[in-house]
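What's counted below: heavy atoms across the whole structure, side chains too, no hydrogens, waters or symmetry copies.
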Amino acid sequence: MSTMTVLGAPGEVFLLTHSVLRSHLKLSTSARVERIDPETLAPLARSPQLPGGPMWPGGMAIHANGDLYIVYGRYAHRLDRQCRLKASLRLPLNLAHNSFVILDNGLIVTKNLSDSVPARLLVIDPDTLSIISTIDCPEPSIARLSAVGSTVYLVGVRSIFRYHWVRGTLVRDEDWCHNYVGSTAQSYGWDVVLALGQAWFMDNGRHRYQTSMIGRGVVQTPNRLIRVALDDAQDHDAMAISGVDGGSITNPPLVDTDRGIVIGFDSANRVMRAWSFDPATRALTERWRKTGIGCASHMILLPRSGQMITNDYRRGGEEVVFLNIETGAETGRVRIGGITQGVVFPSVGWNNDVYWCSMRRVARIFC
């Protein structure tokens, strides 16, 4: 299954995939990286099978040193730009690790994914591919990490925390934490977006995804868009997105920093909603609402044109849709097929195009 594409030098496109069927047999899975033709998508170079162990879509990035880094399962791998393996690191916990962040100093930070085992942050030296610092967190975590500068943000199953890199280790910021579940019946949050001086994420992340997110919510409450101020975790807000019970997601919101627009969605009930955000008052005002749209994947914003790119799962297949972020008006649509609704990571391309990963396939969409 495809997870994501990342771009290197002009014309370079790298695709990360992983095996799936072996996991259903309780066997170890593996990942692979391909450098693909930017237009035909044909493989131009291919890595060996990269050991992974437990299955979960991992992550890939091109480091400032020029090499590719992959975290998949319980392994981290370093590849050159010809997809040749340079080094591998077996991570301590026999659990899937869902991607990583790269700090401004070049260090790589990853963690295990679990709703029952507390998260363990691992700091990896990119040159030696060795663990140089470890810290155990107070909660399990499903969400992927986010970071700005040398600060890492972690959404746990009840609370959001942050850690600063200080004198060779990650140190928890004891003054910044928000228990977003509190006394509610909500389930855990997913990935956090750091923008406009706020941390933005959505809750009710527990679901029963198989081929789509539609109707797959577990907790019978509406899911919410959550805002936590980066300068004061006591300044926070939570807005119901659709207001419909059984709301659920598996991805982060989208934030347009230039226009001050925040997009939340409810994948289970097929609702998308936009708010205007006032940084001075930190108030959210509804801008538009769209129903009947099967969106679940990570979304892309084209800042100059103000177009956002999302998916719409309908008629038993995946379609990629362009929307005007200011109005919600549809400006383009194309069907890429496949029986699964994408919940992973698209990217912009090199020539007014987009690479869309939808689990069982990858497609290039162009204007």
Students often mix this up, so state it plainly: with edges at 30° and 60°, are the rings of His207 and Trp190 parallel, tilted or perpendicular?
parallel
Could you check whether Glu139 pairs with Arg158 (Lys NZ or Arg NE/NH1/NH2 to Asp/Glu carboxylate O, under 4.0 Å)?
no
Between Tyr75 and Gly52, which heavy-atom pair has the shortest distance, and what is it?
CD1-O, 3.6 Å
Go through it in stages, so that I can follow the logic: the residues are Leu103 and Trp165, the test is side-chain contact (heavy atoms from CB on, under 4.5 Å), and I'd like the CA-CA distance, side-chain angles, deciding distance and then a yes or no.
CA-CA 9 Å; Leu103 305 185; Trp165 180 256; 4.2 Å; yes
Can you check side-chain contact (heavy atoms from CB on, under 4.5 Å) on Phe100 and Ile70, steps first, answer last?
CA-CA 8 Å; Phe100 58 96; Ile70 295 91; 5.7 Å; no
Starting from the C-alpha separation in whole Å, work towards a yes-or-no answer on side-chain hydrogen bond (donor to acceptor under 3.5 Å, both in side chains) for His18 and Thr29.
CA-CA 7 Å; His18 68 274; Thr29 63; over 6 Å; no
Note, Phe265 side chain near Ile293 side chain (heavy atom, < 4.5 Å)
no
How about Cys137 and Lys111: do any of their side-chain heavy atoms sit closer than 4.5 Å?
no
Is there a path of hydrophobic side-chain contacts, each under 4.5 Å between heavy atoms of I/L/V/M/F/W/Y residues, joining Ile226 to Phe277?
yes
So which atom in Trp288 and which in Ile263 form the shortest heavy-atom distance, rounded to 0.1 Å?
CZ2-CD1, 3.7 Å
Taking side chain as C-beta onward, heavy atoms only, is Phe14 less than 4.5 Å from Cys83?
yes
Does atom CZ of Arg304 have more than 12 heavy-atom neighbours from other groups under 6.0 Å away?
no
So, taking the atom named CG in Leu145 and the one named NE2 in His97, what distance separates them when rounded to the nearest 0.5 Å?
10.5 Å
Is the backbone N or O of Leu122 less than 3.5 Å from a side-chain atom of Thr134, with the two atoms forming a donor-acceptor pair by type?
no
Could you check whether Ser133 and Thr169, counting side-chain N and O atoms only, form a donor-acceptor pair closer than 3.5 Å?
yes
Residue among Val171, Asp173, Leu121 satisfying side chain to side chain contact (heavy atoms under 4.5 Å, CB included) with Tyr163:
Leu121
Here the gap from Leu301 atom CG to Leu254 atom CG, rounded to the nearest 0.5 Å, amounts to 5.5 Å
The test is side-chain hydrogen bond (donor to acceptor under 3.5 Å, both in side chains); show your working for Asn204 and Thr221 and say whether it passes.
CA-CA 8 Å; Asn204 271 12; Thr221 60; 3.1 Å; yes
Say whether, by atom type as modelled, one donor and one acceptor occur between the side chain of Asn351 and the main chain of Asp353 under 3.5 angstrom.
no
Can you confirm whether Ile241 sits close enough to Ile249 that some side-chain heavy atom of one is under 4.5 Å from a side-chain heavy atom of the other?
no
Value rounded to 0.5 Å, distance of CE in Met60 from CE in Met4:
6.5 Å
When you compare the side chain of Asp203 with that of Val181, does any pair of heavy atoms fall below 4.5 Å?
no
Donor-acceptor check, side chain of Thr5 to backbone of Leu15, threshold 3.5 angstrom: yes or no?
no
Would you call Tyr313 and Arg270 a side-chain contact if the rule is heavy atoms closer than 4.5 Å?
no
Any donor-acceptor pair under 3.5 Å from Asn311 side chain to Gly342 backbone
yes
Rounding to 0.5 Å, atoms CG (Leu68) and NZ (Lys86) come to a distance of 10.0 Å
For Asn223 and Gly205, indicate whether the former's side chain and the latter's backbone hold a donor-acceptor pair under 3.5 Å.
no
Test your reading of the model: is there a side-chain donor-acceptor pair from Asn251 to the backbone of Val343, 3.5 Å cut-off?
yes
Is Arg216 reaching over with its side chain to a backbone N or O of Ala268, donor-acceptor style, under 3.5 angstrom?
no
Compare every heavy atom of Cys295 with every heavy atom of Thr310, then report the nearest pair and how far apart it is.
OG1-CB, 3.3 Å
If you look only at distance, which donor and acceptor atoms sit under 3.5 Å apart when one is on a side chain in residues 147-155 and the other is two or more places apart or in another chain?
unit_1 : atom_1 : unit_2 : atom_2 : d
Thr151 : OG1    : His164 : ND1    : 2.8
Tyr153 : OH     : Arg162 : NH1    : 2.9

Check the pair Arg227, Trp275 against side-chain contact (heavy atoms from CB on, under 4.5 Å), reporting the backbone distance first and the verdict last.
CA-CA 12 Å; Arg227 176 192 67 80; Trp275 292 267; over 6 Å; no
Could you state whether Val348 and Val320 fall into the same hydrophobic cluster, counting links through intermediate Ile, Leu, Val, Met, Phe, Trp or Tyr residues with side-chain heavy atoms under 4.5 angstrom apart?
yes
Are Phe345 and Met299 linked, directly or through intermediate hydrophobic residues, by side-chain heavy-atom contacts shorter than 4.5 Å (ILVMFWY only)?
no
Enter the distance from Leu50:CG to Leu16:CG here, rounded to the nearest 0.5 Å.
8.5 Å
Report whether Val321 and Ile300 are members of the same hydrophobic cluster (ILVMFWY, side-chain heavy atoms less than 4.5 Å apart, transitive linking).
no
More than 12 non-hydrogen atoms from neighbouring residues, nucleotides or ligands closer than 6.0 Å to CD on Gln49, yes or no?
no
State whether the side chain of Ser248 and the backbone N or O of Gly217 hold a donor-acceptor pair below 3.5 Å, judged by distance alone.
no
Is there a donor in the side chain of Arg32 and an acceptor in the side chain of Thr17, or the other way round, less than 3.5 Å apart?
no
Using a 3.5 Å distance criterion without hydrogens, assess whether the side chain of Arg120 forms a donor-acceptor pair with backbone atoms of Leu93.
no
Sub-4.5 Å side-chain heavy-atom contact between Arg364 and Ile36
no
Take atom CZ in Arg81; do more than 12 heavy atoms of anything else shown fall under 6.0 Å from it?
yes
Drop me the distance from Gln307's CD to Glu326's CD, to the nearest 0.5 angstrom.
11.5 Å
For Asp127, is there any backbone N or O sitting under 3.5 Å from a side-chain donor or acceptor partner on Arg78?
yes
side-chain contact (heavy atoms from CB on, under 4.5 Å) for Phe366 and Asn352? Distances and angles first, verdict last.
CA-CA 6 Å; Phe366 60 94; Asn352 203 31; over 6 Å; no
Beyond-backbone contact of Met1 with Met55, side-chain heavy atoms, under 4.5 angstrom:
no
Nearest non-hydrogen partners of Ser358 and Gln341, listed with the distance:
OG-C, 4.3 Å
Test Asp231 against Arg282 for salt bridge (charged side-chain N to carboxylate O under 4.0 Å, His left out), laying out the working first.
CA-CA 12 Å; Asp231 60 0; Arg282 300 184 176 179; 2.9 Å; yes
For residues Ile102 and Val109: do they belong to one hydrophobic cluster (side chain heavy atoms under 4.5 Å, members Ile, Leu, Val, Met, Phe, Trp, Tyr)?
no
Locate the shortest heavy-atom distance separating Arg172 from Ile135; write the atom from each residue and the value.
N-CD1, 4.5 Å
What's the shortest heavy-atom distance between Leu194 and Ser146, and which atoms?
CD1-CB, 4.1 Å
